[in-house]
Each structure stands twice: as C-alpha cells, then as structure tokens.
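Owing to the predicted nature of the structure, the values given are computational and were not obtained by experimental measurement. A, B, ... follow the sequence lines: proteins, then strands. Residue 1 opens every chain.
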Amino acid sequence: MADWHPTAYRTHTLGEIQDRGADLVGTEVTVCGFMEANRGKGAICFVDLRDGTGKLQVFLKGDTIGEEQLDLVQRMTRESTLQFTGTVAQKRPPKVKEGETPPPPSYEVVATDVHVLTRANVPLPLGITDTVSIGLDTRLDNRFLDLRRAHVNAMFTLRARVLQYGREHLITEGFKEINTPKIIASASEGGTNLFPMMYFDTPAFLSQSPQLYKQLAILGGMERVFEIGPAFRAENHDTYRHLNEFISFDIEAAWMTDEDVMGVQERMIHHIWKCVAENDQEQIETINAYRESQELEPISVEVPSLPFPRIDYCEAIQMIQDAGEEIQWGDDIDSSHCDIIAAKYPGFHFLPRWPMEMKPFYIHHVKGENGVTGEQLSRGFDLNYGRDEMTSGGQREHNVDVLEDNLRSKGLNPEDFDFYTDGFRFGAPPHAGWGLGVARLLMVLTGSRNVRETVLFPRDRHRVTP
RNA sequence: GCCCGCUUGGUGUAGAGGUUAUCAUGCAGGAUUGUCAUUCCUGCGACCCGGGUUCAAUUCCCGGAGCGGGCGCCA
C-alpha cells in the first residue's frame, strides 16, 4: 500500500476511508473527487465521489450543510470536481430481501461543507458510467474521460504493474536499466522505414530500436542491461497490433546464447504473471465486470508453466506443411500460419533457429548449423502468444569480421556502421538479447483485441493527436 | 497500399424511396425516496460531405472523407 500523505486539498483519500472506515468513524475529514452521480432531490442528497484510489458516498442533509449548499450540489453536473468536509460515519445498511445476507459495513462522509473546484460541461463527450458501448475512436479522441472509466483505469494500472514486475525481475538477475538515444544519424540497419528529421543542420532519424546501442553498452562491460523506451517505425501498417510509436522492453546480456536469454524471458514473464495473479486480482475483476456487461468472456491470469515450448523454425514449417499449406523452407511464417501453430500451442511459445537469410546482420550463426535443406540457421528467435509475435531476439555476432561479411551480404555498407563495428575491435564478449512489445504483452493480459486499448495515446498512421 | 463493410440525437443503435425517424443512455423540469444502475411523469436532442436518378433521397447510384474488419508491408 502506498503512503498517501495528506495534501493541501484533502486529509484522506477515498480509498483510505473505504478501507479504514471503522477506525475513522467520528473523525472530521476533507476529501476531493469527481462527482460520478448524485441522487435525491428533497431535503437530502447522496453524492458518489471518485478519486484515484476509490469511490465513496457523501451524504448531505439540508439542516446539516444548509439549503443553499445542498441546492448547489444537487444542481452540479456529473464529473465536476468537488471538495467536501465532513464526518466519517457508517452507512445505513441497504434493505435486503428475506434470506439474503446483508453486505459488510461500509462508510460514508456526512458533509458539513462543500467547495466546487470545477464544474464539468454538459454533455460529456462520453459517459463514465453509462451502459452504452463507446467506439474506440470516440474514446481515443477523449482519452482523458475514457481513462476515468473503471475498466480502462484498471488496464493502465495493470500496465504499470507489468513494467514494475518486469523491472523487479531483471534487477534480481543482475540487469541494470539504461537509456539510449532516440535520435540517430545512421540511415538504417535495413528492413524498416524510419521517420526522417533534421538535427540542426544534419539529417537524422527517429530510432527504430535500441539494438545497436544496447550492444555497445555490453561491449562497454555493463554485463547485463535493459531499457524500456520508445521505438519509431514509419511503416504504413494498419492492423490491430501495429503502431508507429511503441514501447519496447529490451534486454542485452554478455556471455549468453539465444537459449540463455530465452530463459531470462520466460522467467520474467512467469514472474510478471505470478505477481499479477497474486496482487492485482482487483483490476482483473474490474475488467471482468465490464466484459460481463458487454457479454464478453471473462479473462483470467493463468501463470504459464516453465519452460515455454520451443518449436524451431524447421519444425514449424513441417507443421504448416502437414496442415496442407503451401510453404517452403526459407519462407516467412505469416499470420495464417501462426494460427496453425497456435492451435497446438495456444499460450507462450518460442520459435528459435530461423534461417540466417531471414535475420538481420547482427544475429549470430554457428557455421555449419544447417536446416533440413542444408541452408545456414541463425541463433535468432521469436516469442509468440497465440498468433501474435511478442518478441524478437537472438544471440548476436561478436566477431567483427563475420559482422562485416554479414553487412555486405545484406547489401549494406560496413563503413556506415563504423560507430557500431568499432566497438567489436577491442575485445567483445559473446552476448544475446531481445526486444519485447509491451503493448502486445498487455493485450494478452487484459484480453484486448486492439493494441490501441493498452496505449494511452497511440500513434498510428491516421492519428497524431491527442 | 489492396479487398470487404460501416457512417442516423452528446454517446451507442433500429429503420424505411413519401414516417410525427425506433430504442437505450444522456440532458432539462417535476413528483417520490437513507438512496446506492433509485423509481415514476413530462420534455429536449440526429439521418457524414458533394454530385446524380426521381414528382419526392437521410434511404437508390457515383465520387470523397472518416471509421471498422481482413490482408500486405514490418529486425
């Protein structure tokens, strides 16, 4: 539990009064919040007040607070912010039908004073507690209101938890958090399109990945590093799982192989899922309450068992061929093919040992480690959940001569990468790492079918505001 | 970028070549109530843009824009 110190505006949070109400009965408190609803039109009035820690009922009575203030609150609009002073009391229990068990005692504040901090306009662009479903576009245009909805708030609370647990785990395995530049000069490492920009008088780009820089940190003897930061890709993709700016959770570690960092990853995901299952059921229940209202299946946090299955590339191709699909060794495994694999392995699973041909220049290969057709395999891997790719990773090439050969064979000019390859000329540890899409992991955890749900202010092809 | 679909009050929807354009939610007013998704009554509020067909288009046709789904692209 956090320490919610009193502030200039409030003595207690609403969550505190909910949780410790019994100890606070009779105490004078000042609380603040958004007015979610008010009920009653006569000589009394009930206000549902909400802050970032919970909800609480405030009870107003004409002869306690005065007719004028009672009227003011009764006329106040939903989502206005109010400050109440009053006394904590136990709520009168609701009437229950014969045979039903009464709910546990709950608490309220009997108001003696009120201040309107801000009055909300009407109508709201979207209702916080309304039962109608709301289109994603409307929600994203009004994210500040969308976030006030309980299940949306729960998703972003979970997002913060996932990052926290992930960090925690890596730190226990000796990793240190780093930050790498997001403005880069080198044209490209191949593959994806970059967003160009001007860095004073020099053409530059927004970084597509911390890849080369986290490797430089390893070459610098940092041993084990991680970074949680943005990556930018100027691709014209338009799908439920792609964004043009996204948060990448990256690690890099010395003296490790592809198999070693797969181990780090599965232990980290296991830790995250275990902690969420133990600590954050409240958020899951909030999401499920919403899902039930929308007639969606509830979600549950099933801690995956270790180790995750490993289906190497050759085996995956075989599996897809056995399902009757036209696919050859050397082809990419696309979404429909992933459905075939996911039918057998619905949860997290690794896809290691891709053809070297298909992997970037910095991926390591063991000479002569060949696939069924005799082509060179690489030490690159993916992590999928169902049909969706979560991670791409691998052991890196640490021999500078091989690295430069790889660059040339990919049609790149080694001289453009001197800032990187120079790091390998003065002793280089074998190392490996991966990059994990945080939003995609959250999709799995929260049952979201669109990555935009799990990103506060998503940037896609059609959206740069808000 | 390709294929398919959609666009109706603030929000989410129903629907038809001529309607008083449906329902829910919301909002406003009133009655009731230690209420708690309050209840009840009354009212308010909408057919994406441009062109065409037609006596008549929000409805049909064409184009545009926006959105959604699938795909492609994507270390």
Side-chain angles (χ1 to χ4, degrees), chain A residues 36-49 55-61 74-75 77-79 89-96 103 106 108 110 120-142 145-146 149-150 188-194 207-212 214-215 231-244 246 248 250 289 293-294 332 334-336 339 354 356-363 378 380-382 387 389 391-394 396 406 410 412 433-437 449-450 452 460-463:
Chain A
E36 197 164 277
N38 60 359
R39 288 180 294 277
K41 292 283 180 189
I44 58 169
C45 175
F46 305 94
V47 169
D48 290 340
L49 203 63
K55 292 182 192 181
L56 195 78
Q57 174 167 287
V58 180
F59 180 52
L60 291 83
K61 226 171 167 174
Q74 285 177 339
R75 291 175 175 284
T77 53
R78 295 197 298 172
E79 296 304 310
Q90 187 170 336
K91 271 170 80 171
R92 292 198 191 171
K95 296 175 200 117
V96 290
S106 57
E108 66 183 5
V110 180
N121 286 354
V122 286
L124 298 169
L126 57 90
I128 308 307
T129 54
D130 296 1
T131 47
V132 293
S133 72
I134 305 164
L136 185 58
D137 215 39
T138 305
R139 295 175 48 199
L140 293 177
D141 284 341
N142 300 280
L145 281 175
D146 185 46
R149 305 202 297 159
S188 177
E189 303 144 30
T192 199
N193 294 315
L194 305 187
S207 168
Q208 60 177 306
S209 154
Q211 182 59 39
L212 305 184
K214 63 182 182 173
Q215 285 189 258
F232 305 90
R233 300 196 184 172
E235 296 294 337
N236 280 330
H237 38 45
D238 199 2
T239 78
Y240 68 90
R241 60 186 185 278
H242 287 96
L243 292 174
N244 296 293
F246 62 94
S248 180
D250 273 84
S293 77
Q294 302 298 306
D332 201 0
D334 65 31
S335 298
S336 66
D339 288 333
W354 288 65
M356 188 57 201
E357 186 71 16
M358 299 172 65
K359 285 289 168 188
F361 73 90
Y362 51 77
I363 291 289
S378 77
F381 67 87
D382 285 354
R387 78 193 312 248
E389 184 182 328
T391 294
S392 164
R396 319 307 186 185
N406 287 351
K410 302 279 177 191
L412 297 166
W434 41 255
L436 166 70
R449 283 184 303 176
N450 193 315
R452 291 160 183 79
D460 64 31
R461 194 168 154 200
H462 305 291
R463 184 178 281 280

>> Can you tell me if A:Thr77 touches the phosphate of B:C27, counting only side-chain N or O atoms and a distance under 4.0 Å to OP1 or OP2?
In response: no
>> Base, sugar-phosphate or nothing for A:Asn244? Non-hydrogen atoms, less than 4.0 Å.
In response: nothing
> With both distances kept under 3.5 Å, what pairs with B:A28, Watson-Crick or G-U wobble?
Replying inline: B:U42
> Whole-Å distance between B:G12 C1' and A:Ile128 CD1?
Replying inline: 15 Å
>> Could you check whether any side-chain N or O of A:Glu235 sits under 3.5 Å from a backbone N or O of A:Asn244, counting only pairs where one atom can act as donor and the other as acceptor?
In response: no
> Given that A:Asn236 and A:Ile134 both sit by RNA chain B, which one's nearest nucleotide is further toward the 5' end?
Replying inline: A:Ile134
> Any donor-acceptor pair under 3.5 Å linking the side chain of A:Arg461 with the backbone of A:Asn236?
Replying inline: yes
> What integer distance in Å separates A:Asn38:CG from B:U33:C1'?
Replying inline: 14 Å
> Do the charged groups of A:Arg149 and A:Asp130 touch, with an N to O distance under 4.0 Å?
Replying inline: no
> When you measure from the side chain of A:Asp130, which nucleotide among B:G10, B:G72, B:G70 comes out closest?
Replying inline: B:G10
> Is B:U33 paired to anything, Watson-Crick or G-U wobble with both distances less than 3.5 Å, and if yes, which nucleotide?
Replying inline: none
> Expressed in whole Å, how much space separates the C1' atoms belonging to B:A46 and B:G29?
Replying inline: 22 Å
>> Rounded to whole Å, please give me the gap between CD in A:Glu79 and P in B:G26.
In response: 13 Å
>> With rounding to the closest Å, how many angstrom separate the P atoms on B:U8 and B:G30?
In response: 33 Å
> Given B:C27, B:C74, B:C36, which nucleotide is nearest the side-chain atoms of A:His242?
Replying inline: B:C74
> Rounded to whole angstrom units, what separation is found between the NE2 atom of A:His237 and the P atom of B:C71?
Replying inline: 15 Å
> Base, sugar-phosphate, or nothing for A:Arg449, non-hydrogen atoms under 4.0 angstrom?
Replying inline: nothing
> Nearest of B:C73, B:C71, B:U38 to any side-chain atom of A:Arg39?
Replying inline: B:U38
> Is any side-chain nitrogen or oxygen of A:Arg387 closer than 4.0 Å to OP1 or OP2 of B:C71?
Replying inline: yes
> Given the C1' atoms of B:G18 and B:A57, what is the spacing between them in whole Å?
Replying inline: 10 Å
>> Between B:C47 and B:U59, how far apart are the two C1' atoms, rounded to whole Å?
In response: 9 Å
> Is the closest side-chain heavy-atom distance between A:Met358 and A:Asp332 below 4.5 Å?
Replying inline: yes
> So, A:Asp48 and A:Arg78, do they make that salt bridge, N to O below 4.0 Å?
Replying inline: no
>> Using modelled atom types and a 3.5 Å cut-off, is there a donor and acceptor pairing between side-chain atoms of A:Arg387 and backbone atoms of A:Asp339?
In response: no
> Once you round it to whole Å, what is the distance between P of B:A37 and CD of A:Gln57?
Replying inline: 11 Å
>> Could you identify the nucleotide paired to B:U7, looking across every strand shown and requiring Watson-Crick or G-U wobble geometry with both distances under 3.5 Å?
In response: B:A65
> Whole-Å distance between B:G9 P and A:Leu124 CG?
Replying inline: 17 Å
>> Categorize A:Ser133 for me: base, sugar-phosphate, or nothing, with a 4.0 angstrom heavy-atom threshold over every strand shown.
In response: sugar-phosphate
> On a whole-Å scale, what distance lies between the C1' atoms belonging to B:G9 and B:G5?
Replying inline: 24 Å
>> Within the 4.0 Å heavy-atom criterion, would you say A:Arg149 contacts the bases, only the backbone, or no part of the nucleic acid?
In response: nothing
> Between A:Ser248 (side chain) and A:Asp250 (backbone), is there a donor-acceptor pair under 3.5 Å?
Replying inline: no
> Using a cut-off of 4.0 Å on non-hydrogen atoms, how would the nucleic acid contact of A:Asp137 be classed: base, sugar-phosphate, or nothing?
Replying inline: sugar-phosphate
> Is there a Watson-Crick or G-U wobble partner for B:U13 with both distances under 3.5 Å, and which nucleotide is it?
Replying inline: none
> Rounding to the closest angstrom, what is the interatomic distance between B:C49 and B:U58 at atom C1'?
Replying inline: 13 Å
> Among B:A37, B:G34, B:G12, which nucleotide sits nearest the side chain of A:Thr131?
Replying inline: B:A37
>> For the C1' atoms, the ones on B:A37 and on B:C73, what distance do you get once it is rounded to whole angstrom?
In response: 46 Å
> When we call it a touch if two heavy atoms are under 4.0 Å apart, what does A:Gly135 touch: a base, just sugar-phosphate, or nothing?
Replying inline: sugar-phosphate
> Hey, does A:Glu108 reach any base, or is it just sugar-phosphate, or nothing, if we go heavy atoms under 4.0 Å?
Replying inline: base
> If you look at every strand shown and take non-hydrogen atoms under 4.0 Å, does A:Leu126 touch a base, only sugar-phosphate, or nothing?
Replying inline: nothing
>> Would you compute the distance between atom CG of A:Leu56 and atom CD of A:Glu36 and round it to the nearest 0.5 angstrom?
In response: 12.0 Å
> Whole Å only: how far is the CG atom of A:Asn193 from the C1' atom of B:C73?
Replying inline: 9 Å
> Of all the nucleotides listed (B:G72, B:C74, B:G69), which has the minimum atom distance to the side chain of A:Asn450?
Replying inline: B:G69
>> Under a 3.5 Å cut-off for both contacts, is B:U20 paired Watson-Crick or G-U wobble with anything, and if yes, with which nucleotide?
In response: none
>> Applying a 4.0 Å non-hydrogen cut-off, can you work out what A:Thr239 is touching in the nucleic acid: base, sugar-phosphate, or nothing?
In response: base
>> Closest-nucleotide mapping onto RNA chain B: is A:Phe59 or A:Arg139 further toward the 5' terminus? I mean the 5' end.
In response: A:Arg139
>> With rounding to the closest Å, how many angstrom separate the C1' atoms on B:U22 and B:A16?
In response: 11 Å
> Would you call A:Asn406 and A:Met356 a side-chain contact if the rule is heavy atoms closer than 4.5 Å?
Replying inline: yes
>> Checking contacts here: which listed nucleotide (B:G1, B:C27, B:C36) is nearest the side-chain heavy atoms of A:Val122?
In response: B:C27
>> Measure CZ/A:Arg461 against P/B:C74 and give the value in whole Å, please.
In response: 14 Å
> Using a cut-off of 4.0 Å on non-hydrogen atoms, how would the nucleic acid contact of A:Asp48 be classed: base, sugar-phosphate, or nothing?
Replying inline: nothing
>> My understanding is that a pair needs two contacts under 3.5 Å, Watson-Crick or G-U wobble. By that rule, which nucleotide pairs with B:C71?
In response: B:G1
> Nearest of B:C71, B:U35, B:C74 to any side-chain atom of A:Ser335?
Replying inline: B:C71
> Any side-chain N or O of A:Arg452 less than 4.0 Å from the OP1 or OP2 oxygen of B:G68?
Replying inline: no
